[in-house]
Participant: 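Structure provided below as structure tokens; questions to follow.
The sequence lines fix the lettering, A, B, ..., with proteins before strands; numbering per chain opens at 1.
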Amino acid sequence: MSLRNDLVAPRPQGGVPRPDLGHTPGMDPFSDETASAQPSEALAQALTQCAAGDETAFEKVYDMTSAKLYGLACRVLKDRAQAEEVCQEVYLEIWRRSADFDPSRGSALGWMLTIAHRRAVDRVRASVAATRRDQTYQNLIVEPTEDVTATAATESIQAQQVRRTLETLPQLQREAIHLAYFDGLTHTEVARALNLPLGTAKTRIRDGLHRLRTAWGVS
Amino acid sequence: MNDDLHDLAAAYALDALEADERTAFEAHLAACATCRTDVDAFSDTAAELANLTEVAPPPSLKASLMAEIHDTPPSGATPTQPMAANPISERPAAVPPAGRPAVGHPWTRAWFGLVAALALIALGAGVFVVKPWVSPRTQITAGDVLTASDAVRATERVGDATVTLVRSNQLGRAVLVTTAMPAAPPDRVYQAWLKHADGSLSGAGVMPVASDQTLLLEGDARNTVGAGVTVEPPGGSLQPTSDPIVLVGLPA
């Protein structure tokens, strides 16, 4: 697991503490050496056990991740019933493909969310007609970051950390990433929504994600 | 190296590429280790954003999933080989996949029973047996193969054209990625073939007419040693009727 070892290295100057969701840097010196000492380790271990058909391990995986996967699907699809359907498909795919998870390439949660995001976005694109999407752009332009910037009193510490880092991005990069990730727009659609040339939208998405990657120390 | 394609790793990780760009980038990923590393890191970066949208799902979702997985073994632990015309000689349960325990799973015994039952049905009816354990919602895609953790790759050049073969034993499928392929002769098509360890070739599909494409090959690709492309009459052939114009070998 070279990635985790890399993350033990000191962060670059100006780095922002990375929320604990995927790779937790370092190990607690006072804990025993079981993987359950860190949620991300425990998740990776449970996911690996799924590949052997361990249904109890799958239940653990579900309990540790379902709010994140379902919440993301709700956000992208803007419809709870559809989000539920997508989650059903996604978790079944995760169960079936659990042997494909490779901890040396990234976090278990990252692997799972990638599958969930792809499914949710593909469903949005398949089901939403072009006219409907144009209306959606209008709504997005008016209030592109309404739901996410509204600070919830019950927000998790991780969410607060993520939000603080996002706020360090230039607004235009933040908006572009927001529209792509949470609203499932392609970069062509992001360009149209923000009334930008396509090349500019692409650059904002790329530079914004680069900044986040650096800030969170993802190697 | 294509600088434009390298630049797409971040947008790919956000699922922000158009469908045709996604296909092209996945083909590029097959051959570019730098971009595979970038995509892995960007995917983990994007995943952090999901901290902002947590919502607890209804309890019914968990109940329904637990029931569903009980009837659906993970792919690494279950045979995914299609039933062939002779199911007796292809009992996949007799050869557990490497690295997986041969016994001890509750459904292993169920699997033996299922295979036996299917074999009897197939013999009695003289027909092909469908794959009831493969849900149509979880079909393997070319992208799955290209990004599989156990994917192995090899590339051959013929003139300006490149043909890359990517195979995943875990998924049991292979993908052929071509760039700059010249058009087939008039009234002829390209047909792909999987090469097996005994040297035999099995038909893996007639290739669409396109110089750059990513094609999920038909057939069980586990432990295949390569893939080739031949020029065939329209519709393809049951056996190659000409020598392959390109043959991509994989390490054993």
Side-chain angles (χ1 to χ4, degrees), chain A residues 19 21-22 50-53 55 58-59 62 66-68 70-72 74-75 84 87-89 91-93 95-102 105-107 109-110 113-114 117-118 121 148 156 158-159 162-163 177 180-182 184-188 190 202 205-206 209-210 212-213 216 218-219, chain B residues 7-11 13-19 21 36-37 40-58 60-62 64-66 68-70 72-78 99-101 104-108 135 137-138 143-144 147-150 168 170-171:
Chain A
L21 66 74
C50 286
E55 293 176 24
F58 178 80
E59 189 174 2
Y62 180 89
S66 60
K68 286 210 170 70
Y70 178 71
L72 181 62
C74 283
R75 180 61 187 81
E84 229 178 299
C87 277
Q88 178 99 10
E89 293 171 12
Y91 274 105
L92 197 61
E93 181 176 348
W95 168 250
R96 283 193 65 251
R97 290 180 49 198
S98 44
D100 289 351
F101 167 62
D102 178 355
R105 289 181 52 182
S107 71
L109 188 58
L113 280 165
T114 299
H117 191 260
R118 168 75 71 101
V121 162
V148 170
S156 69
Q158 287 98 325
V162 169
R163 187 183 309 286
I177 284 193
Y181 192 72
F182 292 116
L185 302 195
T186 67
H187 49 203
T188 309
V190 169
K202 285 183 175 180
I205 290 172
R206 192 187 63 217
L209 203 57
H210 263 288
L212 293 177
R213 176 182 173 179
W216 287 324
V218 185
S219 52
Chain B
D7 279 349
L8 295 181
L14 293 172
D15 293 315
L17 297 183
E18 307 295 335
E21 289 176 313
R36 285 198 297 276
T37 305
D40 288 344
F42 283 135
S43 297
D44 267 9
T45 304
E48 305 274 2
L49 297 170
N51 274 306
L52 296 177
T53 51
E54 286 191 67
V55 178
S60 58
L61 178 61
K62 181 175 176 179
S64 138
L65 264 170
M66 293 309 294
E68 193 158 7
I69 65 146
H70 188 69
T72 314
S75 64
T78 190
R100 302 277 167 223
H105 294 308
W107 41 261
T108 303
S135 160
R137 291 181 308 197
T138 53
D144 295 337
T147 57
S149 59
D150 73 327
S168 162
Q170 280 175 4
L171 298 177

Participant: If I take atom OG1 from residue A:T114 and atom CG from residue B:D15, how far apart are they, to the nearest 0.5 angstrom?
Facilitator: 8.0 Å
Participant: Can you name the residues that form a ring pair (Phe, Tyr, Trp, His ring centres under 6.0 Å) with A:H187, not counting sequence neighbours?
Facilitator: none
Participant: Heavy atoms only, distances under 4.5 angstrom: which of B:I69, B:L65, B:T147, B:D40 has the most pairs with chain A? Name it, please.
Facilitator: B:I69
Participant: Let's go through B:S149 and A:D100 carefully: what are the C-alpha distance in whole Å and the side-chain angles of both, what is the deciding distance for side-chain hydrogen bond (donor to acceptor under 3.5 Å, both in side chains) to 0.1 Å, and is it a yes or a no?
Facilitator: CA-CA 6 Å; B:S149 59; A:D100 289 351; 4.7 Å; no
Participant: Side chain, backbone, both or neither: which part of A:S98 has a non-hydrogen atom closer than 4.5 Å to chain B?
Facilitator: side chain
Participant: If you count heavy-atom pairs under 4.5 Å with chain A, which of B:A41, B:P57, B:A148 comes out on top?
Facilitator: B:P57
Participant: For the residue pair A:Y62 and A:Y91, categorise the inter-ring angle as parallel (less than 30°), tilted (30 to 60°) or perpendicular (more than 60°).
Facilitator: tilted
